[in-house]
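These notes concern the structure reproduced below.
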Amino acid sequence: LRRREDRVVRLVSPQTREKVDVMDLDTIGPKGTPGEVAHWASYIAGVAWSLERDGFENLPGFDAALVSCVPLGGGLSSSAALECSAAVAIDEVAHLGLAGTAQEPDDAGRARLVTNCVRTENEMAGAPTGGMDQSASLRCREGHALELDCRDGSVTHVPFDLAAEDLALLVIDTKAKHSLDDGQYGARRAACERAAQILGVELLADIAIEDLPQALERLSSADDADELVKRTRHVVTEIDRTRRLVDLLQDGRPLRGEKLAEAGRLMDASHESLRVDYECTCPELDVAVEAARAAGAHGARMTGGGFGGSAIALVDAKTVHDVAAAVAQAYEREGFNPPAFLDAVPAAPAGRLP
Ligand code: ADP
Ligand code: MG
């Protein structure tokens, strides 16, 4: 990305095979307004639009070329990757002083960039998502998992140095179509909001795990009791599993033996809860996690928005290829399209490459 001296933004991406997109920061605006920006360009130009509304007036225009290796719409935050890389690049060329560097990140400044990236996604791209993807991309740390409390945006960096323990996270892209637009995401959200209202709390996150049995009892007389009970049970137990994993990872012992087995069991239990109670998996996701576990993964679960997208499996680094081969074989048996694989370790946040 290169700064310009006017207010023009020019974007090009080899993946979309489109000609250069040209727009002007003085005329672009949210989806549904005359200044609406076409699909992927909205995720990038939109960040400048949002930052101007956040008080950084008169930003310079820029020329940017996009090359991404994040699978599009695969549940791996390709949209946040666009927003967050644009955010740190604009921060640098316009001297906003928010991001710091990937090696020495400024967390408070990055939290503000997260807010702007979320606003970009919600208003410019018109996707009603929360801030988890953007927080992960901008506020993570090498060798750590990110614990995010969505109530106040606070984060904790939890030791998760897979490379040090010869472990890896195998990402399985099911290639099954996922879409947040077919109403499922909104339906889950609406059910959680109805349940919270009946229970007299602002968010289901306010229900402590100890109080879950009484909460489910209260929901059992609602018209749509079956749905509300399942969705609530998923949310409250998932937060509890997350906290238990954080406590486990913070205990100072190496991630091996019984500790590793327990981390894997928590991942497996998450997938079960997403499958049975939240009902947002699909056959491709279920087969992927089953095959990965059968091939020796310590734990496996879907990730992202569900209904397709990707699963992750915690594996010994030396077995990555065997586990991937086992999943590919299971897909062939089931007659699914071939999956794709990435092997990942928790890395530094968005920033200029050294
Ligand atoms: P996810 O974030 O889970 O990958 P989304 O539906 O949120 O899925 O975002 C996918 C959208 O992001 C694509 O439809 C496209 O508009 C945009 N996008 C992501 N990566 C690229 C890319 N490399 N080139 C063009 N557009 C991209
Ligand atoms: Mg996304």
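One-based numbering, in listed order, for ligands and for the atoms of each. Values in this document were obtained by computation on a predicted structure and should not be read as measured data.
- The backbone N or O of Trp49 lies less than 3.5 Å from a partner atom in the side chain of Arg53, making a donor-acceptor pair.
- Salt-bridge formation is not detected for the pair Glu262/Lys259: no Lys NZ or Arg NE/NH1/NH2 atom is positioned less than 4.0 Å from an Asp or Glu carboxylate oxygen.
- The shell of residues lying under 4.0 angstrom from ligand 1, judged by heavy atoms, excludes Ala127.
- In this structure, of Gly308, Ser79, Gly305, Gly304, the residue bringing a heavy atom nearest to atom 2 (O) of ligand 1 is Ser79.
- Within the 4.0 Å heavy-atom criterion, neither part of Asp133 lies near ligand 1.
- Compare Leu66, Thr303, Ile44 by their heavy atoms: the one nearest to atom 24 (N) of ligand 1 is in Leu66.
- For ligand 1, the atoms sitting less than 4.0 Å from at least one non-hydrogen atom of Tyr43 are 11 (C), 12 (O), 16 (O), 17 (C), numbered in the order shown with element in parentheses.
- Within the coordination shell of the Mg ion (ligand 2), defined by N, O or S atoms under 2.8 Å, Ser78 is absent.
- For ligand 1, the polar-atom distance check against Val70 finds no nitrogen or oxygen pair separated by under 3.5 Å.
- Residue Arg301 forms a side-chain contact (heavy atoms from CB on, under 4.5 Å) with just one option from Leu274, Asp268, Leu314, and that option is Leu274.
- When Ser78, Ala41, Ser310 are checked for heavy-atom proximity to atom 1 (P) of ligand 1, Ser78 turns out nearest.
- Every atom of ligand 1 is numbered from 1 in the order shown, and the set under 4.0 Å from a heavy atom of Leu76 is 3 (O).
- If you number the atoms of ligand 1 from 1 as listed, the ones under 4.0 Å from a heavy atom of Gly75 come out as 3 (O).
- Using a 4.5 Å heavy-atom cutoff, the side chains of Leu255 and Leu162 are in contact.
- Sequence neighbours left out, the pairs with a member in residues 252-294 that pass ring pair (Phe, Tyr, Trp, His ring centres under 6.0 Å) are His234-Tyr278.
- The atoms of ligand 1 that sit less than 4.0 Å from any heavy atom of Gly73 are 1 (P), 4 (O), 8 (O), 10 (C).
- Here the side chains of Thr156 and Gln250 are in contact, with some heavy-atom distance below 4.5 Å.
- When heavy-atom distances to ligand 1 are checked against a 4.0 Å cut-off, Thr129 has no atom that comes that close, whether in backbone or side chain.
- A donor-acceptor pair is defined here as one N or O able to donate and one able to accept, closer than 3.5 Å; no such pair exists between the side chain of Arg231 and the backbone of Ala191.
- By the 4.5 Å heavy-atom criterion applied to side chains, Ile198 and Leu219 are counted as neighbours.
- For ligand 1, the atoms closer than 4.0 angstrom to any heavy atom of Glu121 are 7 (O).
- Proximity of Ser13 to ligand 1, defined as any heavy-atom pair under 4.0 Å, is confined to the side chain (atoms from C-beta onward).
- Both Leu228 and Leu212 belong to a common hydrophobic cluster when Ile, Leu, Val, Met, Phe, Trp and Tyr are linked at side-chain heavy-atom distances under 4.5 angstrom.
- Residue contact check: Gly74 has heavy atoms under 4.0 Å from atoms 4 (O) of ligand 1.
- Taking 4.0 Å as the cut-off between side-chain N and carboxylate O, Arg241 and Glu272 do not count as a salt-bridged pair.
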